[in-house]
Protein chains: 2
Amino acid sequence: MHRHEGHDACQAGVGDMLARAESVCRERGLQFTPLRREVMEAVAEAGKAQGAYDIAETLSAPGKRVAPVSVYRALDFLMQQGLVHRIASRNAFIPCAHGHAPGEGVVFLICRSCGGVDEASSEELEDGLDRTLKRAGFTPAHSILEVEGDCGACRGRQEAG
Amino acid sequence: MHRHEGHDACQAGVGDMLARAESVCRERGLQFTPLRREVMEAVAEAGKAQGAYDIAETLSAPGKRVAPVSVYRALDFLMQQGLVHRIASRNAFIPCAHGHAPGEGVVFLICRSCGGVDEASSEELEDGLDRTLKRAGFTPAHSILEVEGDCGACRGRQEAG
DNA sequence: GGCGGGTTTGTTACAGTGTATCACCGCAGC
DNA sequence: GCTGCGGTGATACACTGTAACAAACCCGCC
Ligand SMILES: [Zn+2]
Ligand SMILES: [Zn+2]
Ligand SMILES: [Zn+2]
Ligand SMILES: [Zn+2]
């Protein structure tokens, strides 16, 4: 199985993610079509956040063009099912390796150096956010938490180099 | 002085923000040109996050066209000085009403209903985030924290209506 | 005043991201 | 067969952002 370099917190392999996607769709009575599978696979294999146009190019081959619009539709579907996430600060998409509940506060850790994106969730962080919002009299519906920086692997490599 | 409706946590008025912008530029030996002032004013007066093209249209008049690229340059300048913020999830810009330090963790509270955007900062939230990142072995450089939901004013209005 | 160099702005063109629309296909259900 | 519906293909388009170059502007200096 392919496993990308660069950041090591990617617990689930590509096969695991595809299997989970398939079972999620089956459970919910939804179609895991070839196109959706290919898009999921492309996102899962990349090892870093992929733009929709990147995915379209990856899936295209001489004689078989996949238009970006098709990729967007597949991505919309996969996002609704919680199988991929959109990284707003990059206009790009990553596979969800965790299968957390929707609405659960998750922080995306985006490495400047290797481009890898990990997810971190934390009770503590979520509590802090909830209290901050409550103090402001704000009722949250959806959060976007993204941090750009250097992942442990890349930091180690820099210090060693 | 104009004060928009919708959310009430906008402490600073348009005049205050313009005055601060002017003094910030003077202190730093930078030019607060007419264009930059107009863009700052447009962002400050809007009451909700404005797209660059919206601002360009606002500033344009028959016979005097302001191109989006000029607006982008002014916005880049104002962002560098911490006078406006970019809302990544909206591709839009708001004035900074607080004058906080750069790099300080600030959450943007985006109201679905009125479109207003407030800033909230919290020691507690920042500590939670720091600890979460530390646990993940991640060194942060820049954070994007945006929450979409309903502001207090709009929630009150909904319950009343 | 005239000159030189940095900054700001205007203008055009272009790249990147995302959506609307309509037609076509495949398949389940009648 | 026919119909309805979800998925896909294809084109066009809107929105967001940047590159490149020229013109204008400012300011210190001769
Ligand atoms: Zn996830
Ligand atoms: Zn890294
Ligand atoms: Zn601010
Ligand atoms: Zn509101």
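It should be emphasised that the depicted structure is a prediction, and the values quoted were computed from it without experimental measurement. Proteins come first, then strands; the chains are lettered A, B, ... in the order of their sequence lines, and each starts at number 1. Values below: every heavy atom of this structure, side chains too, minus hydrogens, waters and symmetry copies.
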Notebook entry, point to check: Rounded to whole angstroms, how far apart are CG on B/Asn91 and C1' on C/dG16?
Noted result: 12 Å
Next item on the list: Could you tell me whether A/Glu124 atom CD has more than 12 heavy atoms of other residues or ligands within 6.0 Å of it?
Entry: yes
Next item on the list: Please report the shortest heavy-atom distance between B/Val66 and B/Ser60, naming the atom on each side.
Entry: N-OG, 2.9 Å
Item checked: Length of the line joining A/Met79:CE and C/dT17:C1', which is rounded to integer Å -> 13 Å
Notebook entry, point to check: Is the B/His85-B/His98 ring centre distance short of 6.0 angstrom?
Noted result: no
Next item on the list: Just call it for B/Arg90: base, sugar-phosphate, or nothing, with non-hydrogen atoms closer than 4.0 Å on any strand.
Entry: nothing
Check: chain B on DNA chain D: first and last contacting nucleotide, 5' to 3', under 4.0 Å to a heavy atom?
Finding: D/dT16 to D/dA20
Notebook entry, point to check: Can you tell if the side chain of B/Asn91 reaches within under 4.5 Å of the side chain of B/Arg86, non-hydrogen atoms only?
Noted result: yes
Note to self: Around atom CZ of A/Arg155, are there more than 12 heavy atoms from other residues, nucleotides or ligands closer than 6.0 Å?
What the structure shows: no
Next item on the list: For residues A/Cys151 and B/Phe138, report the shortest heavy-atom separation together with the two atoms involved.
Entry: CA-CD1, 3.7 Å
Pairs under 3.5 angstrom, nitrogen or oxygen only, protein versus nucleotides 4-14 of chain C, please.
{"residue": "C/dT8", "atom": "OP1", "partner": "B/Arg36", "partner atom": "NH1", "Å": "3.2"}
{"residue": "C/dT8", "atom": "OP1", "partner": "B/Arg36", "partner atom": "NH2", "Å": "3.4"}
{"residue": "C/dT8", "atom": "O5'", "partner": "B/Arg36", "partner atom": "NH2", "Å": "3.3"}
{"residue": "C/dT9", "atom": "OP1", "partner": "B/Thr33", "partner atom": "OG1", "Å": "2.4"}
{"residue": "C/dG10", "atom": "OP2", "partner": "B/Ser70", "partner atom": "OG", "Å": "3.0"}
{"residue": "C/dG10", "atom": "N7", "partner": "B/Arg73", "partner atom": "NH2", "Å": "2.6"}
{"residue": "C/dG10", "atom": "O6", "partner": "B/Arg73", "partner atom": "NH1", "Å": "3.1"}

Note to self: Do A/Phe93 and A/Leu83 land in one hydrophobic cluster if side-chain heavy atoms of ILVMFWY residues count as linked below 4.5 Å?
What the structure shows: yes
Next item on the list: Begin with the C-alpha distance, continue with both residues' side-chain angles, and end with the deciding distance and a verdict on side chain to side chain contact (heavy atoms under 4.5 Å, CB included) for A/Ser121 and A/His100.
Entry: CA-CA 9 Å; A/Ser121 59; A/His100 43 82; over 6 Å; no
